[in-house]
Structures are given as C-alpha cells and as structure tokens.
Amino acid sequence: MSRLVIVSNRVAPMTEGKPTAGGLAIGVFDALKDTGGMWFGWNGEIDAQPATAPEIAHRNNVTFATVPLTRRDYNTYYRGFSNATLWPTFHYRDDLTRYQRDDYNGYRHVNARFAALLAPLLKDDDLIWVHDYHLLPFAQACRQIGLRQRLGFFLHIPFPSPQVLMTVPPHEALVRAMCEYDLVGFQTETDRTAFTDYLVRHAGATLNSDSTVTAYGRTLRTGVYPIGVYPDEIQKQATARATVKHILDLKQGLQERKLIMSVDRLDYSKGMLERFRAFERLLELWPNQQGTVSFVQVAPPSRSDVAGYGEIRRQLETLSGHINGRFSDLAWAPLRYINKRYDHEVLMSFFRASQVGYVTPLRDGMNLVAKEYVASQDPADPGVLVLSCFAGAAQELDGALIVNPYDIDGMAEALRSALNMSLSERQSRHESMMSTLREHNLSTWRDRFITDLRAPTTATPALLRCAQPAAA
C-alpha cells in the first residue's frame, strides 16, 4: 500500500495527540491517524534564515516534517498573496482584495521551496495529498524538479466563478499550475463547475465523460468531496463529564433563557455583522422575545496582522455594544460577544445546551461548525440549525432552516421559527441530518479522495461540450 503524504500550509500544533484548532487540521490529522504516513508544512515559526531541511518528529504512526518561514516569506506568501489576495477573492470579496506582484513572487517562491524540502523525504510510490489555497502551484513546483508521484489537491474554501477569479492578475498562471495535479477536489459541485468553466472558456479545455478534463496538454481528474465529521465522536465530546461544569455555568448565566449559539473564527467571510443585525431585528419585530433569549457569539481572533481583520473586529464590537445598549436591562444582556478560544469539547457542550445553532457565512467552502452543531445535539430534544445557503454544508443538511445571509428580515424570521419549532419537527429534522452525517463522515471523505487519486487517469472526450475557447 502506498504511503500517504499530506502537505498543507500549516502543520497544526498538537495537544494530547490532537490538533488544537481548525477544520482543515482536524480533517487532515484524522485522514492520517488511521492510515499512517507523513504530514509536511510550516511549523508556525519565523526564522531569520531559510530552513535547509525539515525538522522530523514521530507520533504514533505519523511522521511530522515541519519547516519555519522567513519574515519575508511570511509577509509575501502568507499575509500577502494567500490571505490578502486569494482568500478575499475566493470568498467573493474582491472589494477587499489587495494584489502586489512581489507577494505573488513570494508565493511562488515558498511553494517551490516547500517542494524542494519535501523531495528528499519521498518514496517513489507515495501518494501526495495537498491542501488548500496556499499551495495552488505546489504540483507544478514538484514537476519542475522531476517528481513524478501522484499528486492530488483539495480546496477547502470556495472556488470563484471565472469572472471573479479573473480579478486576480495571475489567474491564468494559477489555473495552469493547478492542472499539474492528477486530481483536483472541491467541496461542492458549484466549486468544481466554476473551475471547469474557467478551463473551457479561457483555456480551450475538453471535458471528458469520465470526470476528467484535458487542459494545457494534460488530463486530470476533478471531483466533489464534501468534508465530514465523526458524529458519534462529537456526541461523546458534547456529553463528556469534563464538560458538564461548563454547561451548568452557561445555564446559570442564562437563567434558563433560550440560547442562540454561534462559533466562528473572526473573519469577514463569516457574516457576523449581518448575523448581529438579524438578531437585533428579531428583538425589534417580536418584542416578546426580549428577555427570553440570549445570543452568544464566540469569535476567537485570527490573522490579526492581515489587512481587514482589525476593521471587522472594531465593527463587531461597536454593533454588539449598540444592541446591548438598546435592549439590555438590569437582569438581561441580549448578546454576548466573546473573543477567546475554548477547547473543542467545551464548544460541543455549548452547542448541545443551545436551542439554535446560528451558522450564516457570506460564503464558505463547507463549514464544519454546522455539522458539529447537528452532531452535538441531544436526539431527544435537539436544537435547530439556521444555516446560510452560501455554506457548502447547505447542500447536505436538508433539515436546517436555510437562509440568505444578506436578507436580514429573512434571518430574523428563521430565528423566530427555530425558537418556536415543535419537538416533533425538531426531532425529524435532526434525524435526517444525522443520517447524512453518518453516511458521509470524515473517513468517507478521505477514502473517496484517496481511491480516486490512486485510479489511473484516462480521457474519453464528451460529445456535448466544445473544446474551443469562448470569445473573450
């Protein structure tokens, strides 16, 4: 059996044998811990000099190979092109995109450097699975130094429509580089279609009948692989004895009021401003909800040195203060906005104690928080998930109340419906979603991707699509 080698921007720090944070980190580690293999990437440290070789560590059956970045690499590759250019653009926020050619050159440099540092550690039959937008050109860098292992890529965030992608000046070079992978995977069919549409319209690609595409002289496979969770494991975390105290503290603070719960990394793509406004609208339109429900938003800070993140934090602090100043009384504050991290198990217990999970990103590749909320619930008395139609999870979780995060009144109405929903309807919706989560869990995601990466690539041209480039 070929060894699995995972490559990601960041190799997550580990506590008690588990990643400390992040949907990508948890998904990657769980993909490795059963099969064994290697995880390669940045260790989160900044060094004055570039690394000459990775630092190697072994835990259980996983080898961790990590390298630092230089300050320049961090500023251009990570803060610059990855998070000031690609992240906002891929989340359809081209108004926030900042492009500098030096950042793009640094991005290509780090991808090439990573490939060169990984190469001596590889075996000829390794399967290399590369993750996320930081590493779009990694396969091209590998091919340029002679590596011929099978290379797969999975994009955890959305892939934008061609017209949005073209706002990034080196868009053609990026897509050409992605075609050096043997398999390119996406969270949703919408994302895959955006990628193949670009290739057909702007690269004269041929779509083939076996889910492959021929572009730039290569044939590669594309696929849709919605990332999952382990719902039964989350149930255990939500009911663990160690978390009972947190639930009791939370309920005491709420004084038995109903709870609307949100957990997000502090980011402008998560729709928190719109979410706050919809909660304010709920209290305006239905005054009987005042004093009977509390909204808790946990939003640990991230990327505080990237342009735009400080501003969203200031806006959220201002808006939460406005809402509390408008509606609070001596015994009740409607909104608790918390900028701190909690252990994963504690968050799952908070979810279980809440009546509504409020997950309304403006755009998201999947959003595992939505799936974790469903999995954490008490089947006998489950909460209701209010979910953005622009989260990938909305295509799977048919028992959620699906909302448009730009429709403030619509979200307020959904919150009211969730708070008033009957027990029988809540149970029916929860049961349907749990069935989906168990059928498409994290192992399914991993196994489907690896099976397709191992499969030989053939090309049978489809008869219904034209291989000629569309007019500009």
Side-chain angles (χ1 to χ4, degrees), residues 3-33 35-84 86-87 103 106-123 126-139 141-142 145 147 151 153-157 265-267 300-306 309 341 343-344:
R3 181 179 64 162
L4 179 62
V5 176
I6 297 286
V7 181
S8 64
N9 164 66
R10 183 78 159 88
V11 175
M14 309 289 286
T15 300
E16 296 181 355
K18 296 180 292 185
T20 55
L24 184 153
I26 293 169
V28 165
F29 181 69
D30 281 335
L32 271 177
K33 69 180 183 181
T35 62
M38 179 187 297
W39 189 357
F40 174 91
W42 176 38
N43 60 11
E45 298 177 1
I46 307 296
D47 279 5
Q49 298 298 322
T52 57
E55 180 179 336
I56 305 297
H58 302 279
R59 296 187 185 94
N60 299 324
N61 59 342
V62 180
T63 298
F64 296 84
T66 59
V67 296
L69 294 177
T70 65
R71 176 59 61 182
R72 175 175 172 76
D73 288 343
Y74 176 80
N75 287 334
T76 58
Y77 152 79
Y78 182 75
R79 289 183 64 237
F81 193 74
S82 291
N83 287 311
L86 292 181
W87 177 269
D103 289 345
Y107 177 80
R108 298 297 297 244
H109 168 76
V110 170
N111 272 263
R113 186 72 182 146
F114 276 10
L117 290 169
L118 175 63
L121 307 179
L122 294 175
K123 302 174 183 178
D126 282 342
L127 288 176
I128 305 173
W129 188 0
V130 183
H131 291 262
D132 228 3
Y133 61 104
H134 314 81
L135 301 169
L136 299 179
F138 183 79
C142 290
I145 61 174
L147 298 181
L151 277 152
F153 175 80
F154 183 76
L155 184 66
H156 290 255
I157 66 174
R265 183 173 50 79
L266 186 61
D267 189 281
S302 69
R303 303 176 188 160
S304 57
D305 57 347
V306 175
Y309 285 80
R341 297 186 185 278
D343 290 341
H344 191 259

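Index from 1, following the sequence.
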Q: Grab the two heavy atoms, one from Pro301 and one from Arg341, that are nearest each other, plus how far apart they are.
A: O-NH2, 3.1 Å
Q: Could you give me the CA-CA distance, side-chain angles and deciding distance for Leu122 and Ile128, then say whether side chain to side chain contact (heavy atoms under 4.5 Å, CB included) is met?
A: CA-CA 9 Å; Leu122 294 175; Ile128 305 173; 3.7 Å; yes
Q. Which heavy atom in Trp39 sits nearest to a heavy atom in Arg10, and how many Å separate them?
A. CZ2-O, 3.7 Å
**Q.** Nearest heavy atoms of Leu32 and Leu4, plus distance in Å
**A.** CD2-O, 3.9 Å
Q | Over all atoms of both residues, closest heavy-atom pair of Leu117 and Pro54 | A | O-CG, 3.7 Å
Q | Interatomic distance, Thr66 atom OG1 to Ile56 atom CD1 [nearest 0.5 angstrom] | A | 7.5 Å
Q) Between Leu121 and Thr63, is any pair of side-chain heavy atoms under 4.5 Å apart? A) no
Q.
Quick test of your reading: applying side chain to side chain donor-acceptor pair (under 3.5 Å), list the pairs with at least one residue in residues 109-121, sequence neighbours left out, ordered by first then second residue.
A. none
(Q) When you compare the side chain of Tyr77 with that of Thr70, does any pair of heavy atoms fall below 4.5 Å? (A) no
Q: Verify, without hydrogens or angle tests, whether Asp132 (side chain) and His156 (backbone) share a donor-acceptor contact under 3.5 angstrom.
A: yes
Q | For Gly106 against Thr76, the heavy-atom pair lying closest together | A | CA-OG1, 3.4 Å
Q: Please say which of Tyr107, Tyr133, Tyr74 ends up in a ring pair (Phe, Tyr, Trp, His ring centres under 6.0 Å) with Phe81.
A: Tyr107
Q | Centroid-centroid under 6.0 Å between Phe138 and Phe114 rings | A | no
Q.
Leu86 vs Leu136, test: side chain to side chain contact (heavy atoms under 4.5 Å, CB included). Steps then yes/no.
A. CA-CA 10 Å; Leu86 292 181; Leu136 299 179; 4.0 Å; yes
Q | Exam field: side chain Tyr78 to backbone Asn9, donor-acceptor pair closer than 3.5 Å | A | no
Q.
Would Val5 and Lys123 count as a side chain to side chain contact (heavy atoms under 4.5 Å, CB included) here? Give the steps.
A. CA-CA 10 Å; Val5 176; Lys123 302 174 183 178; over 6 Å; no
Q.
When you compare the side chains of Asn75 and Arg79, does any donor N or O come within less than 3.5 Å of an acceptor on the partner?
A. yes
**Q.** Minimum-distance pair of heavy atoms, taken over all atoms of Pro68 and Asp47
**A.** CG-OD2, 3.4 Å
**Q.** Flag side-chain contact, heavy atom, 4.5 Å: Asn43 against Phe64
**A.** no
(Q) Could you tell me if the side chain of Val110 sits less than 4.5 Å from the side chain of Trp42, heavy atoms only? (A) no
